[in-house]
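Note: hydrogens, waters and symmetry copies are ignored here, and every other heavy atom, side chains too, is used.
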Amino acid sequence: GAMGKSRSMPELDSAEMEKLREEMEAKDARIKAVESELVNNAQASAREISELKLRLFEMEMGVDDDGSVLLHGSDDDNISEASSALMSAGEMSATLDGTGTDFSFMS
């Protein structure tokens, strides 16, 4: 082509060098900001996940929202009473909030 390959690198004057250095530093700062934002988001997500896992675990263990244990004691009567109480509570909330399934046909 018309351009000869006499120079492998274009010669930059100090002003151009300074401009490039500033651009690099600005990009570097932006990258660091994005990285820390990603870390923060990941940590917040991890916290939320562990809180939800804990709530799920508590629900599975039968700990009510107020922290009282619904299923306690090894007595079968207690457990069947508690589970029937859970069922009727489930029926009530299901029909009240309107989003759940209406279990009234089961009775």
Side-chain angles (χ1 to χ4, degrees):
M3 282 185 62
K5 288 184 179 176
S6 55
R7 292 195 309 238
S8 59
M9 278 284 291
E11 288 161 15
L12 297 171
D13 61 25
S14 55
E16 281 179 305
M17 286 286 290
E18 194 53 44
K19 186 165 165 283
L20 284 173
R21 188 180 289 114
E22 283 172 13
E23 283 176 16
M24 271 184 62
E25 282 170 3
K27 286 194 170 96
D28 207 43
R30 274 208 300 279
I31 290 169
K32 283 189 170 67
V34 170
E35 278 177 349
S36 67
E37 198 177 326
L38 287 173
V39 169
N40 288 342
N41 289 350
Q43 286 173 341
S45 297
R47 266 197 303 276
E48 191 177 355
I49 288 168
S50 56
E51 281 170 20
L52 289 171
K53 278 182 178 170
L54 180 64
R55 278 174 57 188
L56 186 61
F57 177 72
E58 285 175 348
M59 285 166 73
E60 286 170 353
M61 297 314 291
V63 179
D64 209 358
D65 286 340
D66 59 3
S68 64
V69 178
L70 293 176
L71 304 174
H72 49 79
S74 56
D75 200 8
D76 284 342
D77 292 339
N78 280 358
I79 290 175
S80 54
E81 269 176 47
S83 50
S84 60
L86 270 174
M87 272 304 298
S88 52
E91 283 177 33
M92 256 186 281
S93 61
T95 41
L96 283 177
D97 66 8
T99 59
T101 316
D102 188 355
F103 291 113
S104 52
F105 65 87
M106 290 171 67
S107 46

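In this structure, Leu52 CG and Met59 CE are separated by 10.5 Å, a value rounded to the nearest 0.5 Å.
With contacts defined as side-chain heavy-atom distances shorter than 4.5 Å, the pair Ile31/Glu35 qualifies.
Within the structure, every pair that satisfies the side chain to side chain donor-acceptor pair (under 3.5 Å) test and touches residues 21-34, not counting sequence neighbours, is listed here: Glu18-Arg21, Lys19-Glu23, Asp28-Lys32.
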